Amino acid sequence: MDKFHAVFDFCLNHQKALGYGAVSLLTVGSERIFSAVVFKCPCNSWNMLYGLVFLLVPALILFLLGFLLSSQSWKILTGSCAPNRLCRCPHGTRFRHYLKVLGLVIVRASVAPLTWIAVALLGSRFYECAASGSSSVQAYMCKGKGDECVEKMPQVPCQSGTATSEMQDILMSLQAQSQVLGWSLIASVFILALVFTCISRCCSPVSILQLAFWKVYLEQEQQLFEQKAKDHAAKLAERNVKCFFDSTELDEFPTPSAKEWHGISSLFTFNPKKDYYSMMHKYNSSKTNTGSLRSVEGDTVPCCLGFVDGAGGINTQGL
């Protein structure tokens, strides 16, 4: 039992890294299935288009799916063009805030597509099919070998076992190019991730222990919010159903207004003068008598606190 609790605590403490790992493993498995079962290089003039579609289109779909599953992107968009509100572009500090949040969404949504492209390049099947149909690659690979080499190039991916030594050398070169590009992409992604992490942590306005406490607080707030939301919704539903069947007058039932819901659904901004750990914490601590948030100068959006909007509040990914 103690070992089970240790594993459970480890999963809770590293759920973000484990989530990215699970997404990457699913992407690798999907790429292997597509490469082995679905992909069949036509070995004609369609080579380049066919290979690029299998290399890039699934990556684009995974990237768009990452946007769809991001709670931060929906925090920006939901209600921004409601009938009773002006649909206008944000400006000034708010616009910079949106850009930073959008950048974090893009970074998180890029994990799966970059994994797909990297694994596909290491497997080399998509690349060798696309490259064999490219006129520039044909000219480079067949330099000094005559027009017959150019004509045979599209057939290279389909002659892996029966190709001549010349065509076999070209196939091996295409595979080598693909794998070099794949490892270069992986190395570049890890270098950029390391640089971004170092910069964001160096510019962090809070210490590492407060950052750890912050994440624990958000997990607890989310759990309590979901439980309270279920209990509150159940009581409200019970009152309405009971009133309908008993034909009685509605009893007064306090519930948050639309303005209050909007207040806790806004994007989080950090202020070094006030230690607010979420929008709910900030709203309850700094709202005015009219129910609006008091404007405070000095609000910033540190990259290291980008997890606040993604973790706080009820899970909206299924809505």
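Because the structure is predicted, anything quoted here is derived from the model rather than measured.
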**Study point:** Greater than 12 external heavy atoms within 6.0 Å of F253's CZ
**Key:** yes
Locate the shortest heavy-atom distance separating [X] from [Y]; write the atom from each residue and the value.
{"X": "S200", "Y": "C304", "value": "O-CB, 3.7 Å"}
{"X": "Q72", "Y": "L267", "value": "O-CD2, 4.4 Å"}
{"X": "V308", "Y": "S278", "value": "CG1-CA, 4.3 Å"}

Review point. Given the rule in the ring pair (Phe, Tyr, Trp, His ring centres under 6.0 Å) test, do Y50 and F126 qualify, once you have shown the distances and angles that lead to the verdict?
Key: CA-CA 8 Å; Y50 188 80; F126 301 157; 8.6 Å; no
Exercise for review: Could you tell me whether K152 and E148 have a side-chain N and a carboxylate O separated by less than 4.0 Å?
Suggested key: yes
Using 0.5 Å steps for rounding, measure from the [atom1] atom of [X] to the [atom2] atom of [Y].
{"X": "L69", "Y": "W74", "atom1": "CG", "atom2": "CH2", "result": "9.5 Å"}
{"X": "C158", "Y": "M167", "atom1": "SG", "atom2": "CE", "result": "13.5 Å"}
{"X": "D231", "Y": "L224", "atom1": "CG", "atom2": "CG", "result": "10.5 Å"}
{"X": "Q138", "Y": "E151", "atom1": "CD", "atom2": "CD", "result": "10.0 Å"}
{"X": "M153", "Y": "L174", "atom1": "CE", "atom2": "CG", "result": "5.5 Å"}

Review point. Are the two sulfur (SG) atoms of C41 and C129 closer than 2.5 Å?
Key: yes
Review point. Going by atom types only, do S266 and K282 share a side-chain donor-acceptor pair under 3.5 Å?
Key: no
Review point. Do we see a donor-acceptor contact under 3.5 Å between the side chains of R125 and Q175?
Key: no
**Study point:** The single option from F307, F225, Y277 passing ring-ring contact (aromatic ring centres under 6.0 Å, His included) against Y217
**Key:** Y277
Exercise for review: Return yes if some donor-acceptor pair links the side-chain N/O of Q155 with the main-chain N/O of C43 below 3.5 Å, else return no.
Suggested key: yes
Review point. Between the side chain of S124 and the main-chain N/O of L121, is any donor-acceptor distance below 3.5 Å?
Key: no
Practice item. Step through it carefully: locate the ring centre of H281, locate the ring centre of F268, and say whether they are under 6.0 Å apart. Key: no
